[in-house]
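The block underneath contains the structure these notes are about, expressed in structure tokens.
In this text the structure is predicted, and so the values were computed from the model without any measurement. Numbering of residues begins at 1 and proceeds along the displayed sequence. Basis for what follows: all heavy atoms, side chains included, without hydrogens, waters or symmetry-related copies.
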Amino acid sequence: MTVLDAVEKFAAFRVRILLLAVGIFCILFPTTFCDFIPLIVGISMILAGGFGIFVGFEMKQYRFHDVSGLGESIVLALLGVVIIISQNASLLLLGVIWGLLGLGKGAKEINTFLYRLSNKENFLFPLIIGILEIIFGLVLILEPTEHIAFHVVILGINMILYSIKDPAPHRKHPHEILREVL
């Protein structure tokens, strides 16, 4: 195991513990969390982007044309700075972004539903999740700041589930984990 592998494994484990703790906080105190969303999300994006930049330079990703992890990490860190600087306006932006991401996740679940249906596999769970993701995404896009507390509860549940979902968390970089959850 290389030093980079050890650092990635340790960081991924810590991100999962952090997701679990923040998820519980989101469920118990959604309106309090809403006040800190820009700060928490901004710092998370800066840390995840910073770690991705470190990994990108360590792996010399800039030497390969088809690898976009380093550039994505730079943009992620910069977006985190923008979110922290524009606290109040960023809550509206985050609501819309979360709505759009929810629609994207819903679309993937609908694709999974259709695939499983056509292959005569169990399709009920992806259908339900897909419909819920699309409904929640549309609600957030239509009124991003009005329903943000409800979405924080959903985000908390998502964080808790994701923190225990993968039996081998060391296979993913911390910035990948944060991107999937947020």
If two hydrophobic side chains count as joined below 4.5 Å and joins carry through other members, does [X] share a cluster with [Y]?
| X | Y | answer |
| --- | --- | --- |
| I85 | L47 | yes |
| I37 | I157 | yes |
| Y115 | L127 | no |

Are the aromatic rings of F29 and F33 close, with centres under 6.0 Å apart? no
Test I24 against I160 for side chain to side chain contact (heavy atoms under 4.5 Å, CB included), laying out the working first. CA-CA 7 Å; I24 292 169; I160 291 169; 3.8 Å; yes
Please examine the side chains of [Y] and [X], heavy atoms only from C-beta on, and report whether any two atoms are closer than 4.5 Å.
| X | Y | answer |
| --- | --- | --- |
| P126 | I110 | no |
| F113 | I128 | no |
| L70 | V55 | no |

Between C26 and V153, is the side chain to side chain contact (heavy atoms under 4.5 Å, CB included) condition met? List the steps. CA-CA 6 Å; C26 288; V153 172; over 6 Å; no
Where do A77 and G50 come nearest, in terms of heavy atoms and distance? CB-N, 4.4 Å
Verdict with reasoning, I141 to L103, per side chain to side chain contact (heavy atoms under 4.5 Å, CB included): CA-CA 10 Å; I141 289 172; L103 289 176; 3.4 Å; yes
Can you pull the side-chain hydrogen bond (donor to acceptor under 3.5 Å, both in side chains) pairs that have at least one residue in residues 118-144, sequence neighbours excluded? E143-H147
Other hydrophobic cluster members with I129, side-chain heavy atoms of Ile/Leu/Val/Met/Phe/Trp/Tyr under 4.5 Å, chained? F125
